Every structure is written in C-alpha cells, then in structure tokens.
2 protein chains.
Amino acid sequence: MKPMTIKDLANFLKVSPSTVSRALNNHPDISLEVRLRVQQLAKELQFKPNSFAANFRKKQSKLIAVVLPKIYRSFIPDVIEGITKKLNDNHFQTLILLTEDLFEREIEAINQCCEMRVDGILLSLCNQTKDLNHLQRCQTIGIPVVLFDNTIKSDCFSSVHINDALAAGQCAEFINKQKVNRVAAIFGPEELAISQNRKLGFFSALAKEITVDICYAKDSHEAYTFANDQIKKHQTCAFFGISDEVLLGIVSAVNENKVTNESLVVGFSDGLTMPFLHRNLHYINHNGKVIGKAAAAQILKLIAEDEKLKEDILIAVELL
Amino acid sequence: MKPMTIKDLANFLKVSPSTVSRALNNHPDISLEVRLRVQQLAKELQFKPNSFAANFRKKQSKLIAVVLPKIYRSFIPDVIEGITKKLNDNHFQTLILLTEDLFEREIEAINQCCEMRVDGILLSLCNQTKDLNHLQRCQTIGIPVVLFDNTIKSDCFSSVHINDALAAGQCAEFINKQKVNRVAAIFGPEELAISQNRKLGFFSALAKEITVDICYAKDSHEAYTFANDQIKKHQTCAFFGISDEVLLGIVSAVNENKVTNESLVVGFSDGLTMPFLHRNLHYINHNGKVIGKAAAAQILKLIAEDEKLKEDILIAVELL
DNA sequence: AACGATTGCGCAAACGATTGCGGTTGATTT
DNA sequence: AAATCAACCGCAATCGTTTGCGCAATCGTT
C-alpha cells in the first residue's frame, strides 16, 4: 500500500500542501485552529512526513557517522552508548562504520560518509593513520569532524580525549608511594599515540630509583606472557597496565602465580570488569560514556555554529 | 561551495543529465564510449551523485537499523561487527538505536525506523517486551524485521539465534561425566526467554542424582555473591554460568576462595576473555560475529525477495 | 530497395516536502 | 472613507536523480 503523503492530508482537509507542512512544523504563519486540525488528523492517521524528501530539500541528513577501527570489548561500547544517547536527545541518529584498523578502509569510510551527506563525523583513527589528508574532502564539503580516543595532533579538527600523560603520571606517583623498587609497565602497540603519551607521562613522574621493565603488548595474551615472565624472573609485584585488555593479562598471570594479594596493579580501566578480578587494583577510570557524550556534544556544537572552530576537549579523570 | 550535480557534468560533457545518470549506473542503453567518458570525468572531478536524491527517487535508504537494549561488554560488540561487515559488503549501512531495555524506547525506536524509511530492522528485544504488536507498522509499510539474540516466538518474523536448550543440554551432559554431585547454576534474569530456554535444556539433560542450586543473577556482582555463598556453604566445586558476565562473577569467587584448580566451570562464553582467567573452563562458544552475519544475511535476503517469508535460523555451536 | 529491429540518447515527468513570494481577508489607523 | 497593516494561506518553483517513453539514426533481412 502506498504510504500517505502531505498532499493526501491536504486534499482531505481542503487546504494546500504548504499549509500542512507549515502546520506540522509549527510555523507561526498558520492559525492555531488550522494547525491543531492538521496535527490531530496527522496523529490519528499516524502520518509522518517522508524524511527523505524533507532531508533532501533541507540538505541535511540528521545522521552522524561514528568511524572507528573496531568495537573492542571495553570502553568503546560505552563510548557508543554515550554518543547515541546524546545524539538521540538531539534528534540525530548514529551510523557505525568499522575500519578494521585498516587505513584504506578508513579512507573508504570517510568517502562513504561524504556521499551519504552525513551531518558530522566522529572519528577514532586506526593505527596506520599518520596524517589527516583524507579528511580534506570533509573540510571542503563542510562536514564537521571530531576526533576521539585514538587521535593525532591536528590544527583543523576538534578532538576529545583524556589527558593521557597526566593520568599516567598519577599512576606513577601512586606507585612511587608504595615503596616498590621494580615495576612492570605494559603499554599498547608502540606506534599508537595513546601509548606514547601515557608512556611519557608515566616515566616523567616515576621515581628515578624504581626499575622499570617495559613491554608493548597488542593483546591480553602478550601482556599475560610478559607479566608471567617478570614474576618468574624478578618476583615483580607491581604492575602498570595501559588498558583493560592489558590488565586482564596481568591479573591472569598474577592469579596463576598465586601472588594475588601481594601484588599491586595500577592502570587504565573502565572499572567494570577488572576490579572484580583483583582487589588491589587502582585505576584511572577511563569512562567511555563521558567521552562519547562530550564528542557528540562537540559535533552538535560544530553543526550548529556557522564558523567551525577547532577545540580540544580534555576529559578529567581520577585515580580510584 | 555548492557541490557538483549531475547536471553540471551533463552540461560540461554536452550530454543530457539522464545520459550521465545511466552512464554512471552502467546502464546498457549507453554506448561504451560515452559511458567511459562520463565515468572518467566523474572520477577526475571526484563527483558522486547525491545519494539523498537517488534514495528519495528510488524509495530506498540503504540503511539497516540495529535496535537493541544496550551494548554489553561481550557478545554484542561481535554481533555488531558481524552485521556491519556483512552489510558493508552489500553496500548497506548500519544504524544503531539503543532502547536501554525500556519498552517505550523500543517502540520509539521502531517508529523512528519507519519514519527514516530504513530498508530493514535487526531487533533484539528488551526484557519487558511481551508481544510484537509494535512491529505491525513495519509489516504494513513493508519493512522486513529479523529478530536476534533476545527474541520471543513469532509466526511473522524471522529470527536468528543459537539452539539455547540444546547447547545448555550439552553443558549438563558434560557435567554429568565429571562425577560431581552438586552444581551451582546461575542464569540471567528469570523473565528472559534466553534464561528459560537454557534452564529447560540444562535441567532436562542433567543427571537426576546431581543436586542443583539455582540463582538468577542480573550482573557479575550477583553471580559472584551467589557463587561465593555456595562455596562457603557446600564446598561447591562445579558451576554453570549462562553468560560471560555471570562467568566472571563465578571465576572471581572461585579465585578468591583459592579453589581455582579444583573447580569446574561450564557455561556460555564468547571465548575471548574468560578462558584467560580460568584454565578449567568449558564453554559453548557463543560467537557473536557468526550470529551477526547470519542476521544480516537474512535481512538482505528478505529485502531482495518480494514475498517475505518467515525463517528461523539456528546457529550451530560446540562445547570447547 | 523497402521495411522492421536494434541501438543510443534526450525530454520531461515524476519522487514528497519546503519556502519565497504574493494575494486575500479583516481589523486598525488617520 | 480611504489607506495601512498584520494575519493567514496558496501558488509554484525547487532540491538532484531516476526512468518511461519517444525519436532518430543505424543495422540487418528479404
């Protein structure tokens, strides 16, 4: 059955289509009486204007694309929830594009966004991405972009993340106070900006007399192996982990070696899984929902404003 | 700067807009020569037709909505990845709508889908949902719907999930063989279909002489508390957990009571986190990616077909 | 050579909502 | 009483692409 159009309503009510349109949009030109009559019939008939036609005419999609490498088990789900909630409240919808951490797929995704005329892009870069040239097209078309989570420096695009160096420094200072003389620090892939920043912050704050064993782990398993080795070799009992995935490996090794209670584990976590597994875990609460909301808020701001200005937003975190 | 249109291209090439359109879509009516000329210029100028206009005209959005309660830490991220990958390969995009496990929000989401004219809906019900009346509108408009994960019986809509009862039965049989006489079984919220099905399958397969202590846990913490109690009360050393979240609570309790090595843990898991934390874990590999792909494939099939037929798809699983 | 079939392209009408502009009322002002 | 003005509503163009139909040119057949 062919769906109703604004014309059908207009014919039925003996008014013009333009009047129906304006009435439905609460345009002040339409008298209260007519407006109510239109709106009521629309409600009764469950009529909704074809948003295709409207968007086409108004040149807006009410769509925000979220482009990211993959939906890791922790953090990212929260980010997405934060984003969609914020966007929904403002009558925008969330589109998910996955790059699988491949640069070509990122380019492709960005192009698709342009073709679909999304109103904005929230982008978490994949690790191979070294520059932002592929975003030029967005700039010329005028699609605002906000970088989040995995970002690189840019003087064109807004970004949202936590102050990684500062937070890692807090972790180091906490370890300083614990009177340990050796710590195993496990970061993510070395080329990641996030790894670099946190490493810098960690080292510049850590007491000089503490020996550090470093590892760059790409997953839980590598973290586990390294932590296990360190325990066996040096009886290490203090650990720093850059993410929930890494922390999982650490805690697994600690448990298996039955040194759970003597061990101190510090790192970045969303606080939803890991504290269950280790009572002596101290973590920077890396709350995805907050970041997602902030990123969404920023893109909405950019859409609303005419002159797009860059703005780097730092989310405050605390050590729990 | 105003973006290029098909007319601009046409003027430049001294052909009609219709020819450009057909050339771009590889319509056989257009000679190879003209077709190539058009396509090359389009490539050079990075021209992409306005998909709004095209979709509007063709009455299709190339959008599939995924409607679900929330993005839990495990399983769902994989489902989403499976879906988007499959859809992307077929030139569809993924829209995420979160219901927060609220029935009103589910209705709202479905309505939004109808208004946006999505081409299909993948729906995981929220727990309050008791019937499928709110999907009627989709039926009359002709938007295909596929239920996945959390579903209820329906004779109109296709569904995709694993054979919960059978899989739970496999778990029970495994426990039967282990010569234990007591097991703590932890399910999810009692009203959930998934809980009911797995419980039924589990009990009908479990040896009669084994004593079962049941709990319905809504999160890791409740599972932990119950498991902890059971260990203290009955020295329970065999556990069944319905999900990764529940298993996390179990393993946490087991570890804390230092009965890790003596304990047997069986349940449903995606196999990505839990096997790390407990070496003696046997699990039904509840692979989200496979389910996501199957659901996406089904919705694509429904879109392609003219007469929408219902089909319940059972994903095979194995005990690892 | 005459006639039907095929190929290749343009014309113009959609698709459904929005919106600038202009026209019709009736009320208010001078 | 004429003029001014505001309040309301309709006309028609518009957004950019697709597509049914028609027309001309070319091709092949008897």
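Given the structure is predicted, the values throughout are model-derived calculations rather than measurements. Each chain gets a letter, A, B and so on, in the order the sequences are listed, and its residues count up from 1.
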Closest to side chain of [X], choosing from [options]:
X       : options                : answer
B:Asn50 : D:dC9, D:dG16, C:dA17  : D:dG16
B:Ala54 : D:dG10, D:dT18, C:dG16 : D:dT18
B:Asp29 : C:dA17, C:dC9, D:dG16  : C:dC9
B:Arg22 : D:dG20, D:dC11, C:dC9  : D:dG20
A:Asn25 : D:dT17, C:dG16, C:dT18 : C:dT18
B:Ser18 : D:dT19, C:dC15, D:dA13 : D:dT19
A:Ser21 : C:dG10, D:dT19, C:dT19 : C:dT19
A:Ile30 : D:dT17, C:dT18, D:dC9  : D:dC9

Is it true that atom NZ of A:Lys70 has more than 12 heavy atoms of other residues, nucleotides or ligands lying nearer than 6.0 Å? yes
Report yes if a side-chain nitrogen or oxygen of B:Ser16 is closer than 4.0 Å to either non-bridging phosphate oxygen (OP1 or OP2) of C:dG10; otherwise report no. yes
Are B:Lys59 and C:dG16 close enough that a side-chain N or O sits under 4.0 Å from OP1 or OP2? yes
Under 3.5 Å, is there a donor on one side chain and an acceptor on the other for [X] and [Y]?
X        : Y        : value
B:Ser21  : B:Ser18  : no
A:Asp312 : A:Ser159 : yes
B:Asn26  : B:Gln39  : yes

Nucleotide [N], atom [atom2] - distance to [atom1] of [X] in whole Å:
X       : N      : atom1 : atom2 : answer
B:Asn26 : C:dC9  : CG    : P     : 14 Å
A:Arg37 : D:dC8  : CZ    : P     : 14 Å
B:Arg35 : C:dG10 : CZ    : P     : 14 Å
B:Leu36 : C:dC9  : CG    : C1'   : 17 Å
B:Leu9  : D:dT18 : CG    : P     : 12 Å
B:His27 : D:dT19 : NE2   : C1'   : 8 Å
A:Leu32 : D:dC8  : CG    : C1'   : 13 Å
A:Met4  : C:dC15 : CE    : P     : 16 Å

Face-to-face stacking of B:Phe56 with C:dC15, centres under 5.5 angstrom, angle under 30°: yes
Which part of the nucleic acid does B:Val20 contact within heavy-atom distance under 4.0 Å: base, sugar-phosphate only, or nothing? nothing
How would you label the contact of B:Asn55 with the nucleic acid (heavy atoms, under 4.0 Å): base, sugar-phosphate, or nothing? nothing
Centroid-centroid under 6.0 Å between B:Phe75 and B:His286 rings: yes
Considering only heavy atoms from C-beta outward, does the side chain of B:Gln93 approach that of B:Lys62 to under 4.5 Å? no
Write down the partner of C:dT19 under the Watson-Crick or G-U wobble criteria, each distance required to be under 3.5 Å. D:dA12
Between A:Arg57 and A:Pro28, the residue closer to the 5' end of DNA chain D by nearest nucleotide is A:Pro28
Nearest-nucleotide wise, let me know which of B:Ser31 and B:Ala53 is further upstream toward the 5' end of DNA chain C. B:Ser31
